[in-house]
Every structure is written in C-alpha cells, then in structure tokens.
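Below: one structure, written as structure tokens.
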2 protein chains.
Amino acid sequence: MSVTIYDVAKRAGVSMATVSRVINGSPNVRPTTRKKVLKVIEELGYRPNAVARGLASRRTTTIGVILPDISSVFFAELTRGIEDIANMYDYDILISSSDANREKELSLIGSMLERQVEGILFLGGHLDDAHRRLFKTANVPVVLVATEDPEREFASVRIDLGRAAYDAVDFLLARGNERVAFLTYPLYSPMARARYAGYVEALGERGRRVEEHLVMETHPYYERALKAMATLLALPAEKRPTAIFAASDELAIAAVHAVQDAGLSVPDDVEVVGFDNTRIAQMVRPMLTSVVQPMYDLGAVAMRLLTKFIRQEPVESRDVVLPHRIEFRASTRPRVGTP
Amino acid sequence: MSVTIYDVAKRAGVSMATVSRVINGSPNVRPTTRKKVLKVIEELGYRPNAVARGLASRRTTTIGVILPDISSVFFAELTRGIEDIANMYDYDILISSSDANREKELSLIGSMLERQVEGILFLGGHLDDAHRRLFKTANVPVVLVATEDPEREFASVRIDLGRAAYDAVDFLLARGNERVAFLTYPLYSPMARARYAGYVEALGERGRRVEEHLVMETHPYYERALKAMATLLALPAEKRPTAIFAASDELAIAAVHAVQDAGLSVPDDVEVVGFDNTRIAQMVRPMLTSVVQPMYDLGAVAMRLLTKFIRQEPVESRDVVLPHRIEFRASTRPRVGTP
DNA sequence: TTGAAAGCGCTAACAT
DNA sequence: ATGTTAGCGCTTTCAA
C-alpha cells in the first residue's frame, strides 16, 4: 500500500501528531524536528491523503459548480473567473454540466452535497421549489451566478439583465429606429425572458407596442438564427426591422450576416446590437456593438462571496448586481456627439 | 451533526452493514428489509458521505482534468466530451487550468493525486521529465489528450497534427499557390511546432524552401494577429502571400479580415485555411475552410480509455490517433472536380 | 440474509 | 514541543 502518516512518524521517530503538524505548517514544531520529518517525507515520497484529511477535519476544500454547459463560451469564461479565485483560496472545483435540465441539476446538487463540497455555485439556471428545498437543507452556502431567481431568496451575483436589455433597446429607439426586432433563443429560458421584459418595457416607455412579428424566437445557434432572420428580412421594407437587438453575440452575428445576405447594409439599413460582448463580437465585420456582461467578474465575485460565507466573514450584500454597459462598435451608426 | 449510516441503522433496527448494502444496491438484502431501510433513509433525509466512503473503499469516483485554460473554446469543447463520458461511468471531474505553466501543472498533478483521483487526463501541454516522473509514481492511470509527447511514453489520444498541417498546406500548394504563409501563435508551444513541422514538410515535398518572412509568429488572439497580418500584406505583391495557413480559427479569421482590410479578396486574391473547425469557422464571411480537430471526440475517447485503464479492461491501443480532415468552405477557391 | 468489528489515513482534543 | 487517543462515516471481511 502507499505511504501513510504513520510510516513517516515511525521512520522519523516522532508521533503521527507531529507529522500532521509539520504537514499543516503548525508553528508548534521545533525546527530540527520539522527538518527531520520533512526529510523522511521526501525520502518516502509521502503524499498526504486528502480524503482522509477531509473525513477527519470535515473540510474538503472543494466547491461544486453546476452550470448548463461548460462548452458555452459564456459559461467557460465565467468558470475561469471562479477558478482563479478558488485557486487563491486553495479550493478545488468540481464541475458539472446540467444542460439546464431540472432533474440533472437536482441530482448534481445532491451528488455534490454527498461529496461534502464546502459550497455550491449554481449558474445560469432556473430555480424551482425543489432546488430551493435542496439548497436550504444543504447546510453549505450556495451562491447563484447569472441566474434568475425572482424570489431573491439566495445569495446571488448577476447583472440586471432586464435593465441591460432596456438600455440597449432604448438606445436603438432614441436614435429614431422605427422597428426594433428582438432576436432571441427560446423564451422558456429565464435569461431570455429577462431580456424580453426589458425590450417590452423600453418600447412601452416610448409609447410603442410590441409587434408580434418583430419578436423572433429561435434557437441559440448561428445557423438557425440565420434562417429565422432571412424570413424577417424578406418582409416588405415598411414592415422590415430597422434595428435588431439580439439576445447573444452569436445571434447578433447571424443577424449581421442575414442583413448582408439580403443585400442590405449594417449599420446603414439595419443596426444590430448583441449581448454578452464575448470575444467573437470583435471578430465580425462590422464589429458588433454589444451589451457587456462581465463574465469573468461574475465568476470571480461569486467565488469570493462564497469564500466569505464559508469563512463566516461579514458580507455587505447578498444580492450583488454588477454594472453593465454597452460597448459601441460599428454595427450601430456613430452616436451624436461621439467621435 | 448530520445523519449517518449509524443513525439509519439504529432507527431501522438493522446493522450498519445492512444499511451499507442497501445504499450500494447489494442483492443480498431481503426485500422487506430493504424497504424498511429505504423508508428510514427517506424519513431522516440521509445522504451518504462520499468522503467517508472514499476513504473506506479507496474508490473516489473522481478523475482529475488538467488543461491550459478552460475558457478556451477548444478545451471547453473537449472538456464537454470528457464530462459526458465521465458521467456515463459515474465519475465526477475535478478541473484545473494550468495556463500551460509547468510549475502549476506539476503542483496540480500533485494535488489531484493527494485527492485520490482514480485517473488523470492531461490536456494540451508539454511533458518534461518532472511530469513523467510524477505520472510514473502516480499509480493511477494517466491519459494525455491533444498533447504532444515525442516519447510516446504514456497513453494518449490526439490527432496527427503534423500530418493535418501537411495536408492543409499541401492542398494550398497543389492548387498553384506561390507563397503560402504560416500564421501561428508562439512556436514554443509544442502544438504550434507540430503544425510548423507539417508546414515545412509539405513545402519540402514540393521542392520549396521555407521563406522566413512568410512564417508569422504572433499571439493567439485576434487583435494581435490582425496587426501581424497587416504588416505581411503591406509587402509588394510579388512577396505577399497568396495563401495563409493559420494555426487556429481565430488566427484565420484575423487573416481574412486583414486581407479584406488591405482591399484584397478572400479567396480570390488570398486563400485562407484555419485550424480546429470551431463554431466560429462558420461565423465569418467568407466561411472558413478549416482543418477539423474532433474536439468533443478527443475528450470522449480519452475519458473512455481512462475508464478502461481504471477497470483494468483490455485496451487495443495506447496511442489513439483520431482521424482529421479538412472542411472546405468559401475561404478557399472551389476545388476542381467538386461541385 | 444479517451482524460484529476492524480498519481506511488523518485531525484534534487533551495530556504531558 | 510532542505524544496519546478518540473519532470522522463508511466498507469489508468474517462469522453466524
């Protein structure tokens, strides 16, 4: 079998407790003793068993991350923020994709709790009562990240999606756009609905009504969106949108290309605004104006908040709303008074 | 404290061993007993402690994944392949980004071994003797994924990068391109060097020499690549490349845009071939011809291979080379004899 | 089919 | 500064 703390103790002529102290950097060890123990550890190639330590100490230094899909640029970037902070605080992260599937989410939460994670980060989903119940019986802290929870029951880090969408649409309306379309992935997603709410509000604020045919609900991927847009652009000029607010950058890029394919110009004939400001926003021509969602920061701040809960440090706010803004690029016409 | 197997046993009037059997689905339990135990488990909201189980059984059902950067599309997609298969076999995954930093890699490997992972997947790095030593003393299986290990000492799943690059460059040469440039991220990366080797070989095979100025070593990101390309395209027409082979899709997109910015046409003046065939390859105009690296499959196959090692199942090959191919799109001119 | 008991490798009082 | 000794919550022989 492999080398244990006991083997080290015996060989070094000290007790297990002393070896444990050395491993854990306790100051209560005479330097000569420490040196001796360290030497034996080296010789034997001893490696502490974190599982045994976790059982004895009830601290696993592990946190669980549940997200819809690790292969999505948005969540991958967010995860990187989580990771970097987790690293700073010496936590490892257990990651699982849920495909935004409720049953899978619930089973993942259960599995993470069995693994004695010290905290859970739940990303981008939709909470129902089962989630809430599980989280409440968890007796480890939970932080929602980029997740819409109308109840505001759990600690959460997010941007104000509705407000962000409002700002984008209002910007488009303010500059005289007659018909602003909303290109979105399915509205059963709470994240899509939050954006939609902002869209509706912005229109209402200016005395406009939502025109059914301008709300294009499609799939989250480029190909499908491209086709959906083609239909929309085939309309006669007086019904065709003059601007498009897309729920993601990928959708926005599809919009740009669809407009171009229709022989029209972005931004002269149709303006386009994306969402998230992912790397790809700069990789299209014209480059995309996009609502910035600070993905890395969302992850980093959430993880930091979680460490505070774990260490029982005081927390200013349990509902952290990060600022959003619009990054203006060439898919919208230059703003007045802005070079 | 939380409820343990002992509490369940007492309440159900059976021994801990019986409860353990029920939890683990052992067939040697009378149905009535099982039912009784299950009922108590339900009542008490008992949740098995996976850490204790791991210590007692020496099986953690956890595997460690070390990769350069989870926020990279390439590795995120690959990770999804790993996850799905891990899931099928009931493993959870511990993920850590190394930033391709040697020290970080080594410390991560150590940390994963301390955590008693049952196997390690090492992605996209470069192995030196320290890695090898660690892996050899690990006594858990290790599989390299999309990693260049000239020694071929460890089990590995990859594509033949050199050959893939060769194929791409040869394709460009075969259709009469006078000057094929290689646009790459830094050549200290083994993955870049492997592609470079293929580039050199393809040129050599056709009696061409590598022209220094056509090898553009830049950073892996769009912005930097765009600038690098601008320099290259500012050359007089007779020195300017007629085709560009890029080490990634992101670089290829930068190449496309740089060509267009220079007032030239892709593919009429300059053909462009990308690498990896990520989602974004289809999100540029013209759409990118790209060397397909089956990211998801690399991950899935590697994870499957790892389970075989863990379960000591027979393995056909320890060095799995997945097929590559070129996806032809509009950034290269139509091929002769192809509609 | 069930139970008793000995660990798994470590930490954490408590003593000394 | 160091040692002794119980556990941590489970699995796993071995017996019955």
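Chain letters run A, B, ... following the sequence lines, proteins first, then strands; residues in each count from 1.
A residue-by-residue look at B/M16 and A/R34 shows that A/R34 has its nearest nucleotide of DNA chain D further toward the 5' end. Summary of the strand contacts: B/R21 and A/A50 both lie near DNA chain C, and taking for each the nucleotide with the nearest heavy atom, the more 5' one is attributed to B/R21.
Distances from the side chain of B/A56 to the nucleotides C/dC10, D/dG9, D/dT12 place D/dG9 closest. Checking C/dT1, D/dG3, D/dG9 against every side-chain atom of B/T33, the shortest atom distance belongs to C/dT1. The nucleotide whose nearest atom lies closest to any side-chain atom of A/I5 is, among C/dT11, D/dT2, D/dT12, C/dT11. For B/N49, counting side-chain heavy atoms from C-beta on, the closest listed nucleotide (C/dT11, D/dG9, C/dG9) is D/dG9.
Between the side chain of B/D128 and the backbone N or O of B/A130 there is at least one donor-acceptor pair closer than 3.5 Å. Although no hydrogens or angles enter the test, the distance criterion places no donor-acceptor pair under 3.5 Å between the side chain of B/R11 and the main chain of B/V37. Panel note: side chain A/E148, backbone A/G125; no donor-acceptor pair is recorded below 3.5 Å.
The side chain of A/R59 places no N or O atom within less than 4.0 Å of a non-bridging phosphate oxygen (OP1 or OP2) of D/dC8. An OP1 or OP2 oxygen of C/dT2 is reached within less than 4.0 angstrom by a side-chain nitrogen or oxygen of B/R30. Distances shown here put a side-chain N or O of A/T18 below 4.0 Å from the OP1 or OP2 atom of D/dG3. Neither OP1 nor OP2 of D/dC8 sits under 4.0 Å from any side-chain N or O of B/T4. Remark: A/R58 is not in phosphate contact with C/dA12, judged by side-chain N or O atoms under 4.0 Å from OP1 or OP2. Under 4.0 angstrom from either OP1 or OP2 of D/dT4 there lies no side-chain N or O belonging to A/Y6. The phosphate of D/dT4 (OP1 or OP2) has no side-chain N or O of A/S15 nearer than 4.0 angstrom.
Judged by distance alone, the side chains of B/Y89 and B/R304 do bring a donor and an acceptor atom under 3.5 Å apart.
With rounding to whole Å, B/R53 atom CZ is found 18 Å from C/dG9 atom C1'. Rounded to an integer number of Å, the gap from CG of A/N28 to C1' of C/dA12 is 13 Å. Separating the CD1 atom of B/I23 from the P atom of D/dC10 is a distance of 6 Å, rounded to the nearest angstrom. Rounded to whole Å, the distance from CG on B/L55 to P on C/dA6 is 17 Å. Atom NZ in A/K10 sits roughly 15 Å away from atom P in D/dG3 (whole-Å rounding). Whole-Å rounding puts the A/Q116 CD to D/dC10 C1' distance at 11 Å. Nucleotide C/dC10 holds its P atom 10 Å from the CG atom of A/N24, rounded to whole Å.
The end-to-end axis angle of the helix from C/dT1-D/dA16 to C/dT16-D/dA1, rounded to 10 degrees and based on five pairs per end, is 30°.
Under the 6.0 Å cut-off for aromatic ring centres, A/F135 and A/F122 qualify, their centroids lying closer than that.
Within the 4.0 angstrom heavy-atom criterion, only backbone atoms of the sugar-phosphate kind lie near B/V14; the bases stay farther away.
With a 4.5 Å cut-off on side-chain heavy atoms, A/V301 and A/I85 do not count as touching. Between A/E118 and A/T62 there is no side-chain heavy-atom pair separated by less than 4.5 Å. The shortest side-chain heavy-atom distance between B/D149 and B/R132 falls under the 4.5 Å cut-off.
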